[in-house]
Enquirer: 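Below: one structure in structure tokens.
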Amino acid sequence: MKKELVFATNNLNKLKEVQDLISNKEIKLLSLVDIGCSEDIPETADTIAGNAFLKAEYIYQKYELSCFADDTGLEVEVLEGEPGVKSARYAGEEKNNEENIKLLLFNLENKQNRRAQFKTVISLIMEGVNYEFIGIIKGTITERKMGEKGFGYDAVFMPEGSERTFAQMSLEEKNKISHRAIAVSKLLEFLNK
């Protein structure tokens, strides 16, 4: 019988990415819509790991279902790790990707060091126990937006060893190397033990 696992996200782009990664016959991935959850789960922690845990714990406590949640942040070296845990709300509470990118590029004007990393933390709660899986990919922030695909900061993040941003890659290409793919593969390895 398939294991049912809830992915606690309202972000349809993330859901699609993770569904593509979990083409596992043993696991049935449920969305928040599938379980009838329409609440906006609070993300009030001051770390990426803390937010992932808050979301997973919320679903586990309220619905008593095994679930996982992720939180991702873009950490820019010269900005001392910003936007980090505030990545989605960098330019304000409305979570506007365009405004976030504009603010980031503005803050990096005339900066030589453009090194950055995407960090994803997945918090999995099963039978009351929390497990954590981390995925990191290093790269640089480009000077302008490049590419139409992806979401968030994908159009300005160029992973190490690539000549293209995440937004210039197909979902399949991105899923081979992304921070989320790394964290999800660790999650799957754990679930398949």
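For the single chain, residues carry numbers from 1 onward in sequence order.
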Enquirer: Can you check whether C37 reaches I59 side chain to side chain, under 4.5 Å on heavy atoms?
Expert: yes

Enquirer: Quick check for you: to the nearest 0.5 Å, what is the distance between K102 atom NZ and N97 atom CG?
Expert: 12.0 Å

Enquirer: Compare all side-chain heavy atoms of I125 with those of E57 and state whether any distance is below 4.5 angstrom.
Expert: yes

Enquirer: Using the ring of each side chain (for Trp, its six-membered ring), is F118 parallel, tilted or perpendicular to H179, with breaks at 30° and 60°?
Expert: parallel

Enquirer: Does one hydrophobic cluster hold both I122 and F53, with members joined at side-chain heavy-atom distances below 4.5 Å?
Expert: no

Enquirer: Rounded to the nearest 0.5 Å, how far apart are NZ of K119 and CD1 of I136?
Expert: 5.5 Å

Enquirer: Can you check whether Q168 reaches E173 side chain to side chain, under 4.5 Å on heavy atoms?
Expert: no

Enquirer: Apply side chain to side chain contact (heavy atoms under 4.5 Å, CB included) to residues L65 and Y60 and explain how you reach the verdict.
Expert: CA-CA 5 Å; L65 295 166; Y60 187 78; over 6 Å; no

Enquirer: For V76 and P83, which heavy atoms make the closest approach, and how far apart are they?
Expert: CG2-CD, 4.2 Å

Enquirer: Could you report the tightest heavy-atom contact between R89 and N100, atom names first, then the distance?
Expert: C-OD1, 4.1 Å

Enquirer: Please determine whether residues I41 and L54 belong to a single hydrophobic cluster, defined as Ile, Leu, Val, Met, Phe, Trp and Tyr linked transitively by side-chain heavy-atom distances below 4.5 Å.
Expert: no

Enquirer: Among the clusters formed by ILVMFWY side chains lying less than 4.5 Å apart, do I48 and I134 turn up in the same one?
Expert: yes

Enquirer: Under the criterion side chain to side chain contact (heavy atoms under 4.5 Å, CB included), I'd like the reasoning laid out for L124 against F190: C-alpha separation, chi angles, the key distance, then a yes or no.
Expert: CA-CA 10 Å; L124 167 71; F190 174 81; 3.7 Å; yes

Enquirer: Taking all non-hydrogen atoms of both residues into account, name the closest pair between G152 and I101 and its distance.
Expert: O-CD1, 3.4 Å

Enquirer: Is there a donor-acceptor contact under 3.5 Å from the side chain of S178 to the main chain of N175?
Expert: no

Enquirer: Is there side-chain contact between L32 and T9, with heavy atoms separated by less than 4.5 Å?
Expert: no

Enquirer: Ignoring hydrogens, what is the shortest heavy-atom contact between L74 and A116? Give both atom names and the distance.
Expert: CD1-CB, 4.1 Å

Enquirer: Are L5 and F133 joined in one hydrophobic group, where the rule is that I, L, V, M, F, W and Y side chains link up if heavy atoms are under 4.5 Å apart?
Expert: yes

Enquirer: Could you tell me whether E39 and K62 have a side-chain N and a carboxylate O separated by less than 4.0 Å?
Expert: yes

Enquirer: Kindly give the heavy-atom pair with the smallest separation between M169 and S162, and that separation in Å.
Expert: CE-OG, 3.5 Å

Enquirer: Over all heavy atoms of both residues, which pair between P159 and I177 is shortest? Give the atoms and the distance, please.
Expert: CG-CD1, 3.9 Å

Enquirer: May I have all residue pairs that pass side-chain hydrogen bond (donor to acceptor under 3.5 Å, both in side chains) and include part of residues 145-155, sequence neighbours excluded?
Expert: E98-K145, D154-K174

Enquirer: For the CD atom of E64 and the CD1 atom of I35, what is their distance to the nearest 0.5 Å?
Expert: 12.0 Å

Enquirer: To the nearest 0.5 Å, what is the distance between CZ (F68) and CG (L191)?
Expert: 8.5 Å

Enquirer: Before accepting this row, confirm whether a basic side-chain N of the pair K186/E189 lies closer than 4.0 Å to the acidic partner's carboxylate O.
Expert: no

Enquirer: Once rounded to the nearest 0.5 Å, what's the spacing between atom CZ of F7 and atom CG of L30?
Expert: 12.5 Å

Enquirer: For the pair F166 and F157, name the ring-plane relationship: parallel under 30°, tilted 30 to 60°, perpendicular over 60°.
Expert: tilted

Enquirer: Verify the cluster assignment for I182 and V18: are they in a single hydrophobic cluster under the rule of side-chain heavy atoms below 4.5 Å apart?
Expert: no

Enquirer: Verify side chain to side chain donor-acceptor pair (under 3.5 Å) between N96 and Y90, making sure each step is shown before the conclusion.
Expert: CA-CA 9 Å; N96 183 305; Y90 194 42; over 6 Å; no

Enquirer: In Å and rounded to the nearest 0.5 Å, what is the SG to OH distance from C67 to Y58?
Expert: 12.0 Å

Enquirer: For I141, which of T165, L105, N107 qualifies under side-chain contact (heavy atoms from CB on, under 4.5 Å)?
Expert: L105

Enquirer: Test side chain to side chain contact (heavy atoms under 4.5 Å, CB included) on L188 and I27 and set out the steps.
Expert: CA-CA 9 Å; L188 287 175; I27 297 166; 3.8 Å; yes

Enquirer: Just grab all the side-chain hydrogen bond (donor to acceptor under 3.5 Å, both in side chains) pairs involving residues 66-80, residues at least two apart or on different chains.
Expert: K14-D70, N51-D71, D70-R180, T72-T120, T72-R180, E75-Q117, E77-N113, E77-R115

